[in-house]
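Order of the sequence lines sets the chain letters (A, B, ...), proteins ahead of strands, with each chain counted from 1. In this text, all values refer to a predicted model and were calculated from it rather than measured experimentally.
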Amino acid sequence: MINITFPDNSIKSFENIPTGMDVANSISQGFARNCVAMEINGRLMDLSLPIKQDIAISFITVKDEEGLKILRHSSAHVMAEAVLNIYKDAKLTIGPVVEDGFYYDIDMAPVSKDDLGAIEAQMKKIIKEKNTFERKVVTKKEAQDIFRDNPFKLEIINELDDTLEISLYRNGKFIDLCRGPHIPHTGMIKGFKLLKISGAYWRADQTRKQLQRLYGISFFEKKALNKYIHLIEEAKKRDHRKLGTRLDLYSFHDEAAGMPFFHAKGIEVWNALLEYWREEHKAAGYVETKTPVMLNRKLWEQSGHWENYRENMYTSVIDDEEYAIKPMNCPGGMLLYKTKAYSYRDLPVRAGEVGLVHRHELSGALSGLFRVRAFHQDDAHIFMTPDQIGNEVLGVLELAQRIYSRFGLEFHLELSTRPKKSIGSDEQWKEATNGLKAALELYGREYLINEGDGAFYGPKIDIHIKDALGRTWQCGTVQLDMSLPERFDLTYKGRDNEKHRPIMIHRVIYGSLERFFGILVEHFAGRFPLWLAPVQAILLPINQDLAVHAEKIKAELETCKIRCEVDRKNETLKKKIRDAQLNYVPLIITIGDKEKQTNTLSVRTLDGKVKMGLSMQEFIGPVLNNIKERTLKDAIF
RNA sequence: GCCAAUGUAGCUCAGAUGGCAGAGCAGCUCACUCGUAAUGAGCAGGUCAACGGUUCGAAUCCGUUCAUUGGCUCCA
């Protein structure tokens, strides 16, 4: 008699030794069909395993996050089997589940995207066979014997802890070394797709063999796969590199790889972003500063960058002196601080700087505006007394919230603590980390903790925003720095008339203006809200004779600081409207004889709605209001 | 930097097997002067990324370089 306890504390008894599947079936067949694995004593196990003693179990089903991971892990096995069916002498290495699917690193000749179809076809066949995954426990010696032709698996086996049992999984003819667990049978993979191929080093070590990494994704439902594919396609449509070209915002040139060129229209958006940034920062008690782009090597030695960051820095020799283009703004900020003597009464000092920095990123890492070699940080350095940490960090979080919500972006927070390689005493780290924690508590929102993920000079809070497609991006960061004030011997006079060391934080909110711009393009799919739109209104004269009147109106709107253009092309109205719509101009104003005679405007918005007979005042008032409030609302009239 | 793919007109792309470089959009000209998502006709536009090689002949084949794209963190 076996007694099984379920999560709701109910108990069921079985005459004979049941498998996990038997137990699931005893609840209902429908439930069993949706079961993927079971959890016993915190360990995930196959449903096919017998339960030999009284124990508490809970089932992992297709609805659980864990279930999906197991499915994808099993999918990796199926993919590996498919690859082996086609490429007989391929050698498998590891095939884990990752955030967005799974991969398998395989030692084989390079394959191309065109080969994926054949592998997918093989996988389909295997899935159709509904093969079960059979688990077998072997000794280390047996495992070594089975994988004697595979140096990668041997290496893994040799490293395994002797106290662990070594398990193999067989589905069909395919056997792999694996911890498990797996789905009951391959038929549960209802939707899958192989996504991409890349090179990857064995154990991520450049000195070791380069393997082929095949990526795939899979789901329990075909529908979920379609949804995923749809998301990828939607993301593709919003690709800021494509939209940037089409909307004439920015471009990239071979002559300066990774360094974007902003066009006139792009700069309108850029300036609107910065104007808003300045407004918020002024209101939050910041001053704005500016430091040079190129500074002497001595400064970088003092700041520690020469030692820690040199391979990413652009350098040049001028008048026999070595200079480096700044990869960060902070050392310049240090010099600014040192230009005067500070009293505790002066603190906190909040000094912002929209600084242009250059970092020599690996050529393969470059990607549109998202990963560049030259960019502007909306940086600020805050110098303060130790007891101001909580308040100042809180202030940054609140400022960040105000700014992000302006764009309709949600966000979450992550706290990163001391990494292995770091400077400073335990005491300092404790104080700094507690300071950040205190601020987070004051702020009152949940946050994740990334143990050991801080900068070498201090702990930090990262702010991750979530765009309209649900993708997250790390933009803002608040970093406590325990190194630079020391290295530059920053001080302030305390109430006690003694010198004290200020605490310093670095923080950004947009992060990289370039990158944030790119994120916004994708977030809005190119349709900027009115306050950001490069061209806010376009005037379309119905015929050539009306162009003069259109220009007159344009001049009037421009005195109100509304960015506008006249489309003087010798085209039909239909055509001009189409062009304006495709360029996402929020306000499309047609100028015909009727409008000229009555001195009114006929306004079409991007949703295709038309409002006729508006007087200039009826138009300008609400428009300026919408711009001033920087609202995301399309509805203006 | 490493692996793979890609690079043809301002943009999007076609150009098996080597034999005079093409389309649509955009641009320019002309006609039309138009009322809410494409008027028509014509013209112009190219060192086929760069350099080198193979060949009677290269956008096409080979090599090098540059750039772009997807990866290179997730541990049986």
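Shown here, C51(B) forms a base pair with G63(B); the pair counts as Watson-Crick or G-U wobble because both key distances fall under 3.5 Å. In this structure, A26(B) makes no Watson-Crick or G-U wobble pair, since no nucleotide meets both defining distances under 3.5 angstrom. Look at G57(B): it lacks any Watson-Crick or wobble partner with both distances under 3.5 angstrom. Figure legend. G45(B) is base-paired to no nucleotide; pairs are counted as Watson-Crick or G-U wobble with both atom distances under 3.5 Å. With both pairing distances under 3.5 Å, C72(B) is matched to G1(B) as a Watson-Crick or G-U wobble pair. Base-pair partner of U36(B): not found among the strands shown (Watson-Crick or G-U wobble, both distances under 3.5 Å). In a base pair of the Watson-Crick type (N1 to N3 plus N6-O4 or O6-N4) or a G-U wobble (N1-O2 and O6-N3), with each distance short of 3.5 Å, C20(B) is matched with no nucleotide. Base pairing annotation: A14(B) forms no Watson-Crick or G-U wobble pair, as no partner gives both donor-acceptor distances under 3.5 Å.
Aromatic ring centres of F261(A) and H253(A) lie closer together than 6.0 Å. Here the two rings, on W473(A) and F370(A), have centers that are under 6.0 Å apart. The aromatic ring centroids of H182(A) and Y169(A) lie less than 6.0 Å from each other.
Residue Y215(A) is classed as a sugar-phosphate contact, given heavy-atom separations below 4.0 Å to backbone atoms only. Residue contacts for R179(A): at a heavy-atom cut-off of 4.0 Å it reaches a base atom on one of the strands shown. Across all strands shown, D254(A) has heavy atoms under 4.0 Å from sugar-phosphate atoms exclusively, and none from any base. Contacts of L582(A) with the nucleic acid, taken as non-hydrogen atoms under 4.0 Å apart, include base atoms. S167(A) comes within 4.0 angstrom of a nucleotide base, judged by non-hydrogen atoms across all strands. At a threshold of 4.0 angstrom between heavy atoms, the contacts of E159(A) with the nucleic acid are absent. Across all strands shown, T93(A) has heavy atoms under 4.0 Å from sugar-phosphate atoms exclusively, and none from any base. As judged by a 4.0 angstrom heavy-atom cut-off over every strand, K609(A) is placed among residues making no nucleic acid contact. At the heavy-atom level, G101(A) lies nowhere under 4.0 Å from the strands shown. Contacts of E155(A) with the nucleic acid, taken as non-hydrogen atoms under 4.0 Å apart, are absent. Using a 4.0 Å heavy-atom distance criterion, R203(A) is classed as a base contact. Nucleic acid contact for I156(A): sugar-phosphate only, since backbone atoms but no base atoms lie under 4.0 Å from a heavy atom of the residue. Across all strands, L540(A) comes closer than 4.0 Å to no nucleic acid atom at all (heavy-atom distances). Residue contacts for L195(A): at a heavy-atom cut-off of 4.0 Å it reaches no nucleic acid atom on any strand shown.
If D579(A) and F252(A) are placed on RNA chain B by their nearest nucleotide, the residue sitting closer to the 5' end is D579(A). The residue among G608(A) and D545(A) whose nearest nucleotide of RNA chain B lies closer to the 5′ end is D545(A).
Protein chain A touches strand RNA chain B; the 5'-most and 3'-most nucleotides with an atom under 4.0 angstrom of its non-hydrogen atoms are G1(B) to A76(B).
In this structure, a donor-acceptor pair under 3.5 Å is present between the side chains of S602(A) and T590(A). Remark: the T605(A) side chain and the D607(A) side chain contain an N/O donor-acceptor pair separated by less than 3.5 Å. In this structure, a donor-acceptor pair under 3.5 Å is present between the side chains of D176(A) and Y104(A).
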Could you go through Y309(A) and M328(A), starting from their C-alpha distance and side-chain angles, then the distance that decides it, and tell me whether this counts as side-chain contact (heavy atoms from CB on, under 4.5 Å)?
CA-CA 10 Å; Y309(A) 205 72; M328(A) 297 178 199; 4.1 Å; yes
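Using P as the reference atom, G70(B) and C48(B) are 28 Å apart when rounded to the nearest Å. To the nearest whole angstrom, the two C1' atoms, one in A58(B) and one in U54(B), are 10 Å apart. Separating the C1' atom of G53(B) from that of A9(B) is a span of 28 Å, rounded to the nearest Å. Comparing the P positions of A21(B) and G27(B) gives an interatomic distance of 28 Å, to the nearest angstrom. Atom name P, nucleotides C72(B) and C13(B): the rounded distance is 25 Å, in whole Å. Atom name C1', nucleotides G52(B) and U29(B): the rounded distance is 43 Å, in whole Å. Spacing of P atoms, U55(B) relative to A44(B), comes out at 38 Å, to the nearest Å. Straight-line distance between the P atoms of C3(B) and G57(B): roughly 33 Å, to the nearest whole Å.
If you run salt bridge (charged side-chain N to carboxylate O under 4.0 Å, His left out) between D239(A) and each of K236(A), K237(A), K242(A), R241(A), only R241(A) comes through.
Figure legend: K196(A) and Y215(A) shown as a cation-pi pair, the cationic atom lying under 6.0 angstrom from the six-membered ring centre and within 45 degrees of its axis. With a 6.0 Å cutoff to the six-membered ring centre and a 45° limit on the axis angle, R213(A) counts as a cation-pi contact of Y103(A).
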